[in-house]
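Report on the following structure.
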Amino acid sequence: MNRAKLVITLLLLPIYLSVTAQSLNIGWNIGDSFVHTSFDNKGRVKQINNSTVSDIVVDGDKMVYTVTTSVFDNAGRPISLDGQKGANALSHKVCVGSNSILFVDMASLFQNIPIPKDENITISESGELPEVPRYPTIGALPDREYTISVASGKMDMPIKFSYTKRAVSGQEVVKTSCGEFFCWKVTERMKVSVLFVKKNFICTTWFADGIGIVKQEIADGSGKVTSSDCLTEFKSVNK
């Protein structure tokens with residue numbers, strides 16, 4: 001897999017029953033594990049992500065969770081992330097502040113991409129990723145822009161993300177194979193620009209208190225759903 005395709009693939013990975021959903025928090029413990037299964041637009045399994053909470057630290061007013069994820073195809077075979085056998089795991093951080101939660105920390109994700117030792121690649125970031133409010137209310141959320149720059153030798157490849165028309169649109173009960181969840185529903189439009197290629201997506205994500213992302217749908221610019229991702233298993237060390 002070439003470097004550009006690897007970066008784009010990682011960025012587009014898309015990533016219990018609660019009585020109420022008045023707030024959002026993460027109640028994870030070290031050792032908690034969960035599985036997200038990705039499906040195509042015909043409901044066929046595309047990919048399985050097995051994740052484990054590997055570390056929890058307090059950073060000022062934030063609680064930072066490190067999540068390590070191993071990636072498998074629909075037959076349970078490890079998906080190589082760098083073209084070499086065995087490198088199918090990466091880590092990212094979920095940051096919980098007093099007022100917001102950042103579920104996908106791209107900086108930590110890219111720092112943990114397996115990179116062959118013979119390649120000199122540097123990665124930098126700028127801008128802000130979209131956060132989810134800890135205490136959601138129905139209505140608009142701030143737009144965000146974020147850029148990851150991947151440099152190797154004379155090549156500098158910026159990958160730009162624009163998140164617009166973001167909103168908390170309501171609360172819904174979501175059913176998956178591991179239960180029912182009372183969720184907050186968040187919608188947004190995302191544009192990804194890499195070199196001369198631009199892609200537009202509509203993202204709908206359902207978040208449950210104490211769990212995080214329960215379901216996500218990715219649609220094209222016209223609104224046709226092209227893929228989805230569901231929480232299919234959760235195991236807590238305290239249960």
Side-chain angles (χ1 to χ4, degrees), residues 10 13-39 45-74 76-79 81 88-106 108-109 111-112 129-136 168 170-186 203-217 227-239:
L10 287 173
L13 289 179
I15 235 209
Y16 334 128
L17 175 65
S18 178
V19 178
T20 64
Q22 298 304 309
S23 64
L24 280 174
N25 198 7
I26 296 296
W28 299 337
N29 304 281
I30 293 177
D32 284 358
S33 61
F34 39 94
V35 177
H36 281 86
T37 303
S38 298
F39 303 88
V45 175
K46 293 170 50 182
Q47 183 172 296
I48 300 169
N49 298 336
N50 292 347
S51 301
T52 301
V53 180
S54 52
D55 193 27
I56 304 174
V57 299
V58 177
D59 182 10
D61 64 346
K62 294 182 178 180
M63 187 74 74
V64 181
Y65 298 83
T66 299
V67 179
T68 301
T69 299
S70 297
V71 186
F72 302 87
D73 66 14
N74 58 5
R77 297 171 299 222
I79 295 177
L81 298 178
N88 77 313
L90 51 84
S91 297
H92 74 277
K93 298 185 188 302
V94 175
C95 304
V96 180
S98 57
N99 296 312
S100 62
I101 306 176
L102 176 61
F103 280 96
V104 182
D105 182 350
M106 292 293 191
S108 63
L109 177 68
Q111 289 169 4
N112 286 278
L129 283 164
E131 297 176 322
V132 179
R134 282 280 310 279
Y135 303 96
V168 177
Q171 295 173 293
E172 293 181 358
V173 174
V174 176
K175 295 182 180 181
T176 77
S177 60
C178 63
E180 294 186 353
F181 308 85
F182 199 52
C183 299
W184 286 100
K185 181 180 178 181
V186 176
C203 303
T204 306
T205 309
W206 289 262
F207 301 89
D209 183 40
I211 303 298
I213 297 175
V214 170
K215 181 181 177 181
Q216 184 176 70
E217 290 183 346
S227 64
S228 62
D229 181 280
C230 287
L231 178 70
T232 51
E233 185 178 328
F234 184 93
K235 294 182 180 179
S236 173
V237 296
N238 286 346
K239 292 184 180 180

Next on the checklist: Between N25 (side chain only) and D209 (backbone N and O only), is there a donor and an acceptor less than 3.5 Å apart?
Outcome noted: no
Next on the checklist: The criterion is side chain to side chain donor-acceptor pair (under 3.5 Å); which residues satisfy it with T204, sequence neighbours excluded?
Outcome noted: none
Checklist outcome for this item: d(I211 CD1, F182 CZ) to nearest 0.5 Å is 15.0 Å
Item to check | Exam field: side chain S54 to backbone T66, donor-acceptor pair closer than 3.5 Å | outcome: yes
Checklist entry - OG1 of T205 to CH2 of W184: how many Å apart, nearest 0.5 Å? => result 15.0 Å
Item to check | Distance-only donor-acceptor check, side chains E217 and S228, under 3.5 Å | outcome: no
Checklist entry - Quick one: CG on L24 to CD1 on I26, what's the gap to the nearest 0.5 Å? => result 8.0 Å
Checklist entry - Could you give the distance from CG (L231) to OG (S177), rounded to the nearest 0.5 Å? => result 7.5 Å
Checklist entry - Under the criterion side chain to side chain donor-acceptor pair (under 3.5 Å), which of D32, T69, T68 is the partner of S51? => result T69
Can you list, pair by pair, the side-chain donor-acceptor contacts under 3.5 Å of residues 56-64, counting residues two or more places apart and other chains?
none

Item to check | I101 side, atom CD1; Y65 side, atom OH - distance, nearest 0.5 Å | outcome: 8.5 Å
Item to check | With F103, the side chain to side chain contact (heavy atoms under 4.5 Å, CB included) member among V96, V94, L129 | outcome: V94
Checklist entry - Going from NZ on K235 to SG on C178, what distance comes out if it is rounded to the nearest 0.5 angstrom? => result 11.5 Å
Next on the checklist: If the condition is salt bridge (charged side-chain N to carboxylate O under 4.0 Å, His left out), which residues does E131 pass it with, not counting sequence neighbours?
Outcome noted: none
Checklist outcome for this item: side chain to side chain contact (heavy atoms under 4.5 Å, CB included) test vs W206 passes for just one of V186, V174, I213, namely V174
